[in-house]
Amino acid sequence: MTSLVQDVTHSLMDSSAAQSIVHSHDEWSLLEEVIVGRAEHACVPQWHPALEATMPVQHWDFFKLHGGKPFPHELVVAAARELDELQRVLQQEGVTVRRPDVVDWSAPFQTPDFGETRGLYCAMPRDLLLVVGNEIIEAPMAWRSRLFESRAYRSLIKEYFQKGARWTAAPKPQLGDATYTTFPRGEGYDVGSGRSVITEHEPLFDAADFCRLGRDIFCQLSQVTNRFGVAWLARHLGPDYRVHILDFDDPHAMHIDATFIPLAPGRLMINPTRVSALPAMFRTWEILHPPGPSVPEHHPFYFSSNWLSLNVLSIDEKRILVEAEERPLIDFLKRHGFTPIPLPLRNFGSLGGGFHCATVDIRRRSMLQSYFG
């Protein structure tokens, strides 16, 4: 029995010692492998204070009417078609593309703390998975409908583990009543004023609230990420990394990647309506102030503002995937020396994300270093 245990241990050690196929330290180094999400069987989340805190007011009626039902079939088909085209273009650019398993999110589920009539989707791998170096971290997300979203990615993650990756799942949240709070209607939710819908009852974060710049990882407190969650991640990562909390002018904050967008070493694009100040460590960086979005106000971005336009994906320090109809942003990036790759994604945007949300980079040709003096 002792010999068997030793053999298994050595086998696992040999596997982890090999060069991991998972390797990413930043948002701009040459992208070599990526996961692209799936829109199939996407469902509308049930109405809940967590949605009231984040969703655009003009779409509340949509969630109240359709919550717990599948998204309209024609929207899901159009979004899936855009993701397939995204896969094709990435492969054309030399990137290996992997996809999660197809899961039927219409099944109800029950935990000791709550019940849901349906799940959500696996369209946004960036929300769930945080890749730091050779480690994949599953985030403890704050929406009840997303509790079991990791099921769609387990086949891939197990494969990555067998090929040398480290694999960590943050503490699975309970998401009971103590996790949430509400405020009088006149006050409303405002992260900056301390009125977040989530409490500090348990560690919570969405991976998309974090941005990797080598040894420095930047994040925001939001309506899905609390201080407990940030503290857990910082302690887990240890002394090789410095985790910084940034303050933005976004009362309904949920995900950092349409607010704070590093495009290359020393080059940062920001959302000019949300970022009024940056830490002194960025004083030598070029700060890019992009034009506003061109998407029509009536377009049904159910989960987000029109600033989803800034949710771009860098293939390297020059090539950037941008929504095809965002001509002002495309021209802006060209003037600053980048090579935008226009691609339609507005149907998918109605599910809540852009190119960055729809992907998670598994391997970039990057190295762990500091980009600050």
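Here, residue 1 is the first one in the sequence, and each next residue gets the next number.
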**Prompt:** Which is it for Trp143 and Leu51 under the side-chain contact (heavy atoms from CB on, under 4.5 Å) test, yes or no, and what are the steps along the way?
**Reply:** CA-CA 8 Å; Trp143 282 17; Leu51 273 70; 4.2 Å; yes
**Item:** side-chain contact (heavy atoms from CB on, under 4.5 Å) between Ile245 and Arg227, worked out
**Value:** CA-CA 9 Å; Ile245 297 176; Arg227 290 188 182 276; 3.8 Å; yes
**Request:** Take Tyr371 and Asp26 through the side-chain contact (heavy atoms from CB on, under 4.5 Å) test and state the conclusion after the steps.
**Result:** CA-CA 10 Å; Tyr371 295 93; Asp26 57 53; 3.6 Å; yes
**Asked** After noting the C-alpha distance and the side-chain angles of Val275 and Phe260, does the key distance pass the side-chain contact (heavy atoms from CB on, under 4.5 Å) rule?
**Response** CA-CA 8 Å; Val275 182; Phe260 178 90; 5.6 Å; no
**Request:** Apply the test ring pair (Phe, Tyr, Trp, His ring centres under 6.0 Å) to residues Phe114 and Tyr180: give CA-CA distance (whole Å), side-chain angles for both, the deciding distance (0.1 Å), then the verdict.
**Result:** CA-CA 12 Å; Phe114 69 92; Tyr180 307 98; 8.4 Å; no
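Residue Glu326 comes nearest to Ser309 through the heavy atom pair CD-CB, 3.5 Å, listed as atom of the first residue, atom of the second, then distance. Across all non-hydrogen atoms, the minimal contact from Pro262 to Leu268 is N-CD1, 3.5 Å. The minimum heavy-atom distance linking Arg242 with Ser370 is given by the pair NH2-OG, 3.2 Å. Contact detail for Arg99 and Gly37: the closest heavy-atom pair is NH2-O, 2.8 Å. The two atoms that bring Val22 and Ala165 nearest to each other are CG2-CB, 3.6 Å, heavy atoms only. Here the shortest heavy-atom pairing between Ser145 and Phe109 reads CA-CZ, 4.4 Å.
Using a distance-only test at 3.5 Å, with no hydrogens or angles considered, a donor-acceptor pair links the side chain of Trp60 to the main chain of Met55. Looking at Glu40, its side chain never comes within 3.5 Å of a backbone N or O of Val102 through a donor-acceptor pair. Side chain of Arg319 to backbone of Asp316: no donor-acceptor contact under 3.5 angstrom is found. Judged purely by atom type and a 3.5 angstrom limit, Arg364 has no side-chain atom pairing as donor or acceptor with the backbone of His25. No donor-acceptor pair under 3.5 Å is formed between the side chain of Arg365 and the backbone N or O of Leu30. In this structure, Arg126 contributes its side chain and His356 its backbone to a donor-acceptor pair below 3.5 Å. Between the side chain of Thr225 and the backbone N or O of Asp206, at least one donor-acceptor pair lies under 3.5 Å. At least one donor-acceptor pair closer than 3.5 Å links the side chain of Asp209 to the backbone N or O of His255. When atom types are taken as modelled, the side chain of Arg212 and the backbone of Val132 share no donor-acceptor pair closer than 3.5 angstrom. Formation of a donor-acceptor pair under 3.5 Å by the Asn271 side chain with backbone atoms of Ala258 is found in this model.
The distance between the ring centers of His299 and Phe301 falls below 6.0 angstrom. Checked against the 6.0 Å centroid threshold, Phe62 and Phe303 do not count as a close aromatic pair. Side-chain rings of Phe282 and Phe372 approach one another, their centers coming within less than 6.0 Å.
Taking hydrophobic clusters as Ile, Leu, Val, Met, Phe, Trp and Tyr residues chained together by side-chain heavy-atom distances below 4.5 Å, Leu345 does not share a cluster with Leu310. Clustering ILVMFWY residues whenever any of their side-chain heavy atoms sit less than 4.5 angstrom apart, transitively, puts Met269 in the very cluster that holds Ile320. Residues Leu246 and Leu221 do not share a hydrophobic cluster, defined by chaining ILVMFWY side chains whose heavy atoms lie under 4.5 Å apart. Under the 4.5 Å side-chain contact rule for hydrophobic residues, Leu313 and Val95 share a cluster. Taking hydrophobic clusters as Ile, Leu, Val, Met, Phe, Trp and Tyr residues chained together by side-chain heavy-atom distances below 4.5 Å, Val312 shares a cluster with Ile330.
Note that the SG atom of Cys43 and the CG atom of Leu351 stand 11.0 Å from one another [nearest 0.5 Å]. Atom CZ of residue Arg98 and atom CG of residue Leu156 lie 5.0 Å apart, to the nearest 0.5 angstrom. The distance from atom CD of Glu325 to atom CZ of Arg327, rounded to the nearest 0.5 Å, is 10.5 Å. To the nearest 0.5 Å, the span separating CG on Asp101 from CZ on Arg151 amounts to 9.5 Å. The CG atom of Leu321 sits 8.5 Å away from the OG atom of Ser314 when rounded to the nearest 0.5 Å.
Inspection of the Glu149 and Trp105 side chains reveals no N or O donor paired with an N or O acceptor under 3.5 Å. Of the N and O atoms on the side chains of Thr179 and Gln174, not one donor lies less than 3.5 Å from an acceptor on the other residue.
Contact check on Arg144 versus Asp177 returns a salt bridge, with a Lys/Arg side-chain nitrogen under 4.0 Å from an Asp/Glu carboxylate oxygen. Using a 4.0 Å cut-off between charged side-chain N and carboxylate O, Arg88 and Asp84 make no salt bridge.
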